[in-house]
Amino acid sequence: MDENARINQRLMNTDDAMVWAEEFCRTFNGKHVVRVDTGFDSEDQVDPGLMVGWFANAMQAGINQYERRRLRVKDEIQNIFEGDKDGV
């Protein structure tokens, strides 16, 4: 498995905000910076659109992880009851 696939798998299987934040910093460190006029001075900031997309993916990964857990528990419960019906 190449490095990008490993990182993608790690991110898609966690809802840990620190993991997502660390990968964001590693991936975009010094890149995708835009000049923002704050009214008093200009400063460099990470592109807000990039952050929205990144953290929307993080939130969806959490939802997906929850759904996988829910389905796994549901299957385990069904197996218990189906086993009881068969006299096992």
Side-chain angles (χ1 to χ4, degrees):
M1 179 182 307
D2 73 350
E3 181 67 9
N4 286 336
R6 186 190 65 72
I7 291 168
N8 286 337
Q9 184 176 14
R10 178 177 180 224
L11 291 176
M12 291 302 117
N13 289 307
T14 187
D15 56 359
D16 185 337
M18 183 57 75
V19 171
W20 277 86
E22 287 171 352
E23 189 56 32
F24 182 89
C25 291
R26 189 191 72 74
T27 301
F28 299 108
N29 186 20
K31 303 174 200 165
H32 303 282
V33 174
V34 294
R35 178 69 88 197
V36 176
D37 184 1
T38 61
F40 298 104
D41 200 1
S42 293
E43 59 183 45
D44 291 338
Q45 295 179 352
V46 174
D47 178 14
L50 172 64
M51 292 187 74
V52 168
W54 184 266
F55 290 104
N57 281 325
M59 291 167 60
Q60 186 62 49
I63 292 167
N64 293 346
Q65 184 181 39
Y66 168 80
E67 184 64 13
R68 285 190 300 270
R69 287 178 188 160
R70 187 188 70 77
L71 291 173
R72 188 170 47 245
V73 169
K74 178 183 171 191
D75 288 344
E76 290 172 4
I77 291 170
Q78 279 181 324
N79 289 337
I80 290 169
F81 286 109
E82 288 172 3
D84 286 346
K85 287 180 185 176
D86 296 333
V88 175

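Nearest approach of Ile7 to Arg26, heavy atoms of both residues: CD1-NH2, 2.8 Å.
Inter-residue side-chain proximity for Met12 and Asn64 is flagged as unmet; no heavy-atom pair is nearer than 4.5 Å.
Around atom CD of Gln9, no more than 12 heavy atoms belonging to other residues, nucleotides or ligands sit under 6.0 Å away. Dense packing is recorded around CZ of Phe55, with more than 12 heavy atoms of other residues, nucleotides or ligands lying under 6.0 Å away.
Atoms CG and CD, from Asp16 and Gln65 in turn, are 9.5 Å apart once rounded to the nearest 0.5 Å. Within the model, atoms CG of Asn8 and CG of Asn13 stand 10.5 Å from one another, a figure rounded to the nearest 0.5 Å.
A side-chain contact (heavy atoms from CB on, under 4.5 Å) with Arg70 is found for exactly one of Glu67, Arg72, Arg68, namely Glu67.
A donor-acceptor pair is defined here as one N or O able to donate and one able to accept, closer than 3.5 Å; such a pair exists between the side chain of Trp54 and the backbone of Trp20. In this structure, the side chain of Thr27 engages the main chain of Glu23 through a donor-acceptor pair within 3.5 Å.
Hydrophobic clustering keeps Leu11 apart from Ile63 (ILVMFWY residues linked when any side-chain heavy atoms are closer than 4.5 Å, directly or through intermediates).
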